[in-house]
Amino acid sequence: MENQKIAQIFQEIGDMLEITGDSVFKIRSYHRAAQVVANYPYHLRDIYEKDPKLLDKIPGIGKSLMGKIIEILDTGDCKKHLQLVKQIKPGLLDIMKLRGIGPKKTKLFHDELSIDSVAKLKSAAKRGLIRELSGMGEKSESEVLKSIESYGRLKARIPMYEALDIAEEIISYMKKSDAVSKVEYAGSLRRRLETVGDVDILACGDKPEEIIKYFCDFPFISHIESRGNTKTTVILENGMQVDLRVVSKDDFGAALYYFTGSKAHNITTRKIAQKMGLKINEYGVFKGNKKIICRTEEDVFKAINLPYIIPEMREDTGETDFIKPIEISDIKGELHSHSDWSDGENTITEMAETAKKTGYEFIAITDHSASLKIAHGLDKTRLEAQIKEIETLNKKIEGIKILTGAEVDILRDGSLDLPDSILKKLDIVIASVHTYFRLTREEQTARIIKAISNPFVKIIGHPTGKLIGMREAYDIDLVKVMEAAKKHNVAIELNCNPKRLDLSAEHLRMAKDMGVMISLGTDSHGTSQLSYIKYGIFMARRGWLEKKNILNTMDYASILSSKHHE
DNA sequence: GCCGTTTTCGGCCCGACTGTTTTCAGTCG
Ligand SMILES: Nc1nc2c(ncn2[C@H]2C[C@H](O)[C@@H](COP(=O)(O)OP(=O)(O)OP(=O)(O)O)O2)c(=O)[nH]1
Ligand SMILES: [Mg+2]
Ligand SMILES: [Mg+2]
Ligand SMILES: [Zn+2]
């Protein structure tokens with residue numbers, strides 16, 4: 001399994017970076033990526049062969065890790081890993097696996113005493129060398145020996161069904177104590193992993209010390225690793241580790257949520273809470289000093305405004321990625337509008353002022369091209385004059401950027417009504433069909449794809465030509481059109497005119513799934529129509545669109561710099 | 001190294017227990 005191999009390499013890089021003392025966040029990234037890849041349902045090689053760029057869509061995988069995945073798929077390993085393997089002796093990773101010994105102590109032993117294996121560590125501890133190190137003492141030294149001792153006897157991961165038996169036995173034992181109000185198993189066992197590293201038990205009651213004391217009297221305990229007021233760790237006679245956590249009754253839900261994990265899931269939802277100005281810990285959800293009491297797990301989800309997620313899904317593999325529907329305030333500008341230079345009612349200045357009042361950063365003036373005679377379409381010469389005019393207006397008018405543009409007609413054969421020599425001077429080129437609606441499906445599709453492949457086209461306007469209740473969409477293969485749009489990095493318009501609403505919701509959803517950007521354009525022929533954006537937002541929400549799917553949620557600089565050809 | 005309703009730079013979850021320490025670092029959950 002290549003995914004497992006990649007996961008292991010990332011895990012090892014993370015472990016070795018801990019010893020070298022690299023950034024804890026970088027280390028977390030490697031470890032998280034290792035988890036994600038290990039749990040990923042598809043072969044990364046298949047994804048790579050289909051479209052390498054899809055790799056960095058995987059949560060926790062960015063440009064750098066994507067590069068390393070590709071490197072490993074191509075060569076079997078990556079340079080970063082090989083270089084660390086050379087630098088860090090394998091014995092150090094063994095030492096770090098010992099309980100109570102992490103990267104800092106491992107490095108200390110290595111730097112001060114040249115210890116690079118568990119055997120050398122054992123002999124150094126026996127000779128009393130460890131206690132001499134700064135920050136170490138007699139107890140730390142004997143802890144080192146104890147963990148080396150117990151390491152051999154420690155159970156590896158246990159099958160879930162065995163752990164379940166033991167957990168249930170512990171729980172029925174715990175229920176016999178009057179101090180215990182509620183008790184449940186948590187951790188990987190509650191998430192139903194095939195194997196578990198330990199058994200995690202959560203109990204609540206008014207007298208936590210009594211609960212801990214009672215637990216430590218459980219008959220099959222071999223020894224107690226640690227014991228505090230709220231939690232204790234013990235090792236059973238069969239070598240299994242059991243962690244007990246104790247909280248008050250009011251906090252049971254928050255604690256169960258914390259203790260069920262996974263760790264990565266906890267971190268992700270805690271980050272979500274942070275963004276909302278909240279803090280999650282095992283005692284509840286906090287807004288400043290105010291505590292939102294969580295007696296049940298559902299209370300935690302409610303407090304952070306998420307639907308309940310079952311334990312079995314809490315692995316941070318995307319289960320918290322709920323859709324954040326587009327909102328009208330996400331729209332940063334207008335990309336489809338007409339002025340009185342063609343068939344619009346208002347001047348460019350009036351359109352710009354209204355856009356400014358709407359709160360927009362930009363408005364593109366996209367008048368018709370010459371073949372639409374009825375609309376007084378602009379030819380090359382008039383369009384050049386309009387570009388000059390907009391240049392002047394941009395100097396005069398503050399607080400709004402007017403983008404130059406055109407809604408250029410797609411001619412019958414798919415060529416455009418304006419030459420490339422002028423199109424390339426424009427900020428926003430929309431290409432639209434206004435004639436020959438009755439071509440065959442093949443012809444119509446080919447026609448539009450040809451327009452899409454023009455290097456200066458940014459958007460395909462009102463892509464199906466429908467007029468609600470008046471004119472059917474023309475026959476066209478939208479899947480092929482969207483594939484082409486994706487390939488050429490062209491956006492598809494959602495025309496917001498309420499008589500058009502073109503594309504419809506199901507096709508918007510398709511575009512989203514295919515990774516095609518949508519441009520919300522009002523096609524305004526007057527200042528009052530800029531408000532049609534709201535109808536577009538309605539449809540976009542029906543199509544499950546989010547901010548990231550929509551072109552005019554970006555600032556205009558990003559829109560203009562988005563390049564065309566791959 | 002990742003990531004974006006405030007961000008393309010500057011953040012990154014939060015707390016318990018232990019040993020060594022006069023105030024916290026390391027490790028673990
Ligand atoms: N917030 C937070 N929770 C953690 C962290 N580490 C562990 N937890 C929580 C989530 C875990 O599921 C739970 C129990 O810890 P374990 O180490 O036993 O992990 P878990 O049971 O998930 O896996 P395991 O099969 O035991 O290796 O404690 C952490 O670093 N932060
Ligand atoms: Mg566990
Ligand atoms: Mg545990
Ligand atoms: Zn049009």
Side-chain angles (χ1 to χ4, degrees), chain A residues 10 13-14 17-18 21-34 36 56-68 80 96-108 130-131 133-144 147 186-188 197-202 208 212 224-233 241-247 251 254-255 258-286 316 324-327 329-332 546-548 553-555 557-558 561:
Chain A
F10 286 170
I13 292 177
L17 288 178
E18 283 189 303
D22 214 314
S23 145
V24 292
F25 303 111
K26 190 190 283 189
I27 292 161
R28 185 180 299 163
S29 296
Y30 275 103
H31 283 153
R32 174 170 186 230
V36 169
D56 100 316
K57 293 251 165 26
I58 300 170
I61 306 294
K63 292 271 174 295
S64 168
L65 288 175
M66 176 176 75
K68 291 189 174 66
K80 175 116 185 167
M96 209 167 52
K97 288 198 193 94
L98 297 169
R99 153 167 288 278
I101 300 178
K104 293 296 188 308
K105 288 183 188 172
T106 302
K107 185 167 193 301
L108 179 75
I130 298 298
R131 70 179 72 185
L133 299 173
S134 74
M136 297 290 116
E138 275 177 52
K139 279 191 178 162
S140 344
E141 189 173 78
S142 68
E143 279 305 308
V144 166
S147 39
S188 50
D198 65 357
V199 170
D200 301 291
I201 305 281
L202 175 69
I212 301 252
I224 296 170
E225 288 278 350
S226 79
R227 176 174 171 167
N229 296 324
T230 71
K231 67 185 222 187
T232 176
T233 296
Q241 175 178 321
V242 182
D243 289 337
L244 174 75
R245 187 73 206 251
V246 183
V247 295
D251 302 342
Y258 147 73
F259 212 27
T260 298
S262 65
K263 171 180 169 175
H265 171 90
N266 285 354
I267 291 177
T268 293
T269 54
R270 285 172 182 210
K271 276 197 270 203
I272 291 170
Q274 271 187 329
K275 284 199 193 110
M276 304 170 68
L278 301 172
K279 180 180 76 170
I280 305 179
N281 60 27
E282 60 265 55
Y283 302 108
V285 178
F286 295 80
D316 195 34
K324 291 189 225 77
I326 182 77
E327 293 184 24
S329 56
D330 293 330
I331 300 296
K332 291 215 168 85
E546 302 175 71
K547 188 178 176 183
K548 60 172 184 265
T553 59
M554 306 196 289
D555 52 45
S558 313
S561 67

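Proteins get letters first, then strands, A, B, ... in listed order; numbering begins at 1 in each.
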Margin query: In whole Å, I'd like the distance from the CZ atom of A:R131 to the C1' atom of B:dG19.
Written below: 14 Å
Next item on the list: In whole angstrom, give me the gap between the P atoms of B:dT23 and B:dG29.
Entry: 29 Å
Next item on the list: Please measure how far the C1' atom in B:dT18 lies from the corresponding atom in B:dG11, and state the result in whole Å.
Entry: 31 Å
Next item on the list: Answer with base, sugar-phosphate or nothing: what part of the nucleic acid does A:Y30 contact at a heavy-atom distance below 4.0 Å?
Entry: sugar-phosphate
Note to self: I'd like to know if the side chain of A:D200 reaches the main chain of A:A186, judged simply by a donor and an acceptor atom lying under 3.5 Å from each other, with no hydrogens or angles considered.
What the structure shows: no
Next item on the list: Could you tell me the separation between the NE2 atom of A:H265 and the CG atom of A:D316, rounded to the nearest 0.5 Å?
Entry: 8.0 Å
Notebook entry, point to check: So, does A:E141 use its side chain to make a donor-acceptor pair with the main chain of A:I130 at under 3.5 Å?
Noted result: yes
Item checked: Euclidean distance for P, B:dC12 against B:dC17 (whole angstrom) -> 25 Å
Margin query: Pairing check on B:dC17: which nucleotide meets the Watson-Crick or G-U wobble criteria with it, both distances under 3.5 Å?
Written below: B:dG26
Notebook entry, point to check: Taking the side chain of A:K26 as heavy atoms from C-beta outward, which of B:dG1, B:dC3, B:dG29 is closest to it?
Noted result: B:dG1
Note to self: For the backbone of A:T269 and the side chain of A:N266, can you confirm whether one donor and one acceptor N or O come within less than 3.5 Å of each other?
What the structure shows: no
Margin query: For a quick test of reading the model: is some side-chain N or O of A:R99 closer than 4.0 Å to OP1 or OP2 of B:dG29?
Written below: yes
Margin query: Using the side-chain heavy atoms of A:N281, tell me which of these nucleotides is nearest: B:dG15, B:dG1, B:dG19.
Written below: B:dG15
Next item on the list: Write down the distance between CD1 (A:I58) and C1' (B:dG1), rounded to a whole number of angstrom.
Entry: 15 Å
Checklist line | Minimum-distance nucleotide (side-chain atoms of A:P103 versus B:dT27, B:dG29, B:dC12) | finding: B:dT27
Note to self: Closest approach to the side chain of A:S23, judged atom by atom: which nucleotide of B:dG1, B:dG29, B:dC3 is it?
What the structure shows: B:dG1
Next item on the list: Please determine if a side-chain N or O atom of A:S140 lies less than 4.0 Å away from the OP1 or OP2 oxygen of B:dT20.
Entry: yes
Next item on the list: Quote, to the nearest angstrom, the C1' distance that separates B:dC3 from B:dT8.
Entry: 9 Å
Checklist line | Distance, P atom - from B:dT6 to B:dC2, rounded to whole angstrom | finding: 23 Å
Margin query: Output the rounded distance in Å from CG (A:D555) to C1' (B:dT8).
Written below: 11 Å
Next item on the list: Using a 4.0 Å heavy-atom cut-off across all strands, classify A:D330 as base, sugar-phosphate, or nothing.
Entry: base
Check: At under 4.0 Å between heavy atoms, what does A:I13 touch on the DNA or RNA strands: base, sugar-phosphate, or nothing?
Finding: nothing
Check: Starting at the 5' end of DNA chain B, which residue's closest nucleotide do you reach first, A:G135 or A:T106?
Finding: A:G135
Notebook entry, point to check: Would you say A:Y283 reaches B:dA16's phosphate, i.e. side-chain N/O to OP1/OP2 under 4.0 Å?
Noted result: yes
Checklist line | Sugar-phosphate, base or nothing in reach of A:Q241, heavy atoms under 4.0 Å | finding: sugar-phosphate
Next item on the list: Ignoring backbone atoms, establish whether A:S29 has a side-chain N or O less than 4.0 Å from OP1 or OP2 of B:dC2.
Entry: no
Next item on the list: Using a heavy-atom cut-off of under 4.0 Å over every strand shown, decide if A:I27 touches base, sugar-phosphate, or nothing.
Entry: nothing
Note to self: Is there a side-chain contact between A:V285 and A:M276 in this structure, where contact means two heavy atoms from C-beta onward sitting under 4.5 Å apart?
What the structure shows: no
Notebook entry, point to check: Within this structure, what is the NE2-to-C1' distance between A:H31 and B:dC12, rounded to whole angstrom?
Noted result: 16 Å
Checklist line | Spacing between A:L17 atom CG and B:dG1 atom C1', to the nearest angstrom | finding: 10 Å
Margin query: Please tell me if A:T230 has a side-chain N or O lying less than 4.0 Å from either OP1 or OP2 of B:dC17.
Written below: yes
Notebook entry, point to check: Between A:T232 and A:S226, is there a donor-acceptor pair closer than 3.5 Å when you use the side chain of the first and the backbone of the second?
Noted result: yes
Note to self: When the C1' atoms of B:dC9 and B:dA16 are compared, how many Å lie between them, rounded to an integer?
What the structure shows: 33 Å
Item checked: Interatomic distance where NZ belongs to A:K97 and C1' belongs to B:dC28 [whole Å] -> 17 Å
Next item on the list: Report the distance from atom CD of A:E225 to atom P of B:dA16, rounded to the nearest whole Å.
Entry: 20 Å
Next item on the list: Under 4.0 Å between any heavy atoms, over every strand shown, what does A:K547 touch: base, sugar-phosphate, or nothing? Just pick one.
Entry: nothing
Notebook entry, point to check: Checking all strands, does A:K279 fall into the base, sugar-phosphate, or nothing category for heavy-atom contacts under 4.0 angstrom?
Noted result: sugar-phosphate
Margin query: It should be established whether A:K231 places a side-chain nitrogen or oxygen under 4.0 Å from OP1 or OP2 of nucleotide B:dC28.
Written below: no
Checklist line | From A:Y30 atom OH to A:D22 atom CG, the distance as rounded to the nearest 0.5 Å | finding: 8.5 Å
Next item on the list: Check whether any side-chain N or O of A:K68 sits under 4.0 Å from OP1 or OP2 of B:dG1, and answer yes or no.
Entry: yes
Margin query: Using the C1' atom as the point on both nucleotides, what is the distance between B:dT20 and B:dG26, in whole Å?
Written below: 11 Å
Note to self: Which nucleotide wins on minimum distance to the side chain of A:K104, given the candidates B:dG1, B:dA16, B:dT27?
What the structure shows: B:dT27
Check: Thinking salt bridges, do A:K63 and A:D56 make one under a 4.0 Å N-O criterion?
Finding: yes
Notebook entry, point to check: In terms of side-chain heavy atoms of A:L65, which of B:dC2, B:dG29, B:dA16 is nearest?
Noted result: B:dC2
Notebook entry, point to check: On a whole-Å scale, what distance lies between the C1' atoms belonging to B:dG1 and B:dT5?
Noted result: 23 Å
Checklist line | Interatomic distance, A:M96 CE vs B:dC28 C1' [rounded to whole Å] | finding: 13 Å
Margin query: Pick the closest DNA chain B nucleotide for A:I326 and for A:N229 by heavy atoms, then say which residue is nearer the 5' end.
Written below: A:I326
